[in-house]
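Taking it in order: structure first as structure tokens, then the write-up.
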Amino acid sequence: MVEIKVLQNVLKANDAIAAENRKRFKETGVYVIDLMSSPGAGKTTLLEQTAKRLAGEIPFGVIEGDLATAADAERVAAHGVPVLQINTGKGCHLDANQIHNALQHFDLEGLQLLFIENVGNLVCPAEFDLGQQTKVLILSTPEGDDKPEKYPVMFQQCPTLVINKIDLLPYVPFDLDKVRALVRKIQPEGRILELSCSTGEGMDAWIDFLRDQVSRSVR
Ligand code: MG
């Protein structure tokens with residue numbers, strides 16, 4: 001029981017700071033997406049491809065969360081995107097306070113969109129509100145088609161699912177119809193985008209989704 005109370009208190013404190021972050025994002029007119037997935041599903045690659053396609057159209061920034069290194073931040077920065085790296089050490093997820101502190105060193109002015117690339121993990125990031133407007137989950141086909149059943153909380157939390165690496169479907173045991181059906185059960189109103197960052201297939205729908213989200217938030 002004590003452990004449950006501790007966790008509840010941690011989440012309560014987190015939610016209060018997340019609400020402050022959300023207010024700040026709203027005031028500055030920045031639409032914020034918490035991007036989550038397992039390690040290696042393609043979060044950073046999707047951001048790189050997004051940078052190529054949205055350059056000069058929708059100014060966006062990225063906050064990168066990783067246990068160690070600035071490797072992902074460097075990859076994103078190479079595309080001219082303003083980026084800030086948070087290293088969590090042993091932390092398996094970002095929390096609202098880390099984002100709050102990061103915002104003291106990251107200029108939101110002029111941005112319309114901010115991606116927070118969370119630590120690669122399908123468990124802990126699901127529970128921590130960062131102040132984002134929406135959450136996007138990436139599932140890549142080599143991970144297998146059992147993930148919605150095994151990590152239901154994460155799938156419940158994310159109204160948009162990106163199924164990445166669809167170019168590998170002929171080579172990996174991944175039943176796309178099964179995943180679609182499982183996800184619809186968990187998220188009846190959810191959106192599923194199927195794409196490949198390698199071949200570019202499906203990327204237009206992703207970019208249209210971003211345009212739509214940003215223009216709705218501006219209105
Ligand atoms: Mg990454």
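Note that ligands are numbered from 1 as they come in the structure, with each ligand's atoms numbered from 1 the same way.
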Original post:
Any side-chain donor paired with an acceptor under 3.5 Å for Asp72 and Gln85?
Top reply: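 Looking only at side-chain atoms, Gln85 and Asp72 do not form any donor-acceptor pair under 3.5 Å.
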Original post:
Between Gln133 and Tyr31, is any side-chain donor less than 3.5 angstrom from a side-chain acceptor?
Top reply: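 Side-chain D/A pair, Gln133 to Tyr31: absent.
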Original post:
From Glu64, does some N, O or S atom reach closer than 2.8 Å to the Mg ion (ligand 1)?
Top reply: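 No, outside the cut-off.
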Original post:
So, Thr45 and the Mg ion (ligand 1): N/O/S under 2.8 Å, yes or no?
Top reply: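 No, since none of the N, O or S atoms of Thr45 sits under 2.8 Å from the Mg ion (ligand 1).
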Original post:
the Mg ion (ligand 1) is nearest to which N, O or S atom of Glu117?
Top reply: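 The Mg ion (ligand 1) is closest to the Glu117 atom OE2, counting only N, O or S.
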Original post:
Of all N, O or S atoms in Asp72, which has the smallest distance to the Mg ion (ligand 1)?
Top reply: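 Restricting Asp72 to its N, O and S atoms, the minimum distance to the Mg ion (ligand 1) goes to OD2.
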Subject >> Whether Thr88 side chain and Lys90 backbone form a donor-acceptor pair below 3.5 Å >> reply: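 Flag not set: sc Thr88 to bb Lys90 has no pair under 3.5 Å.
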Subject >> Asp95 backbone acceptor or donor facing Asn14 side chain under 3.5 Å >> reply: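 Such a contact is absent between Asn14 side chain and Asp95 backbone.
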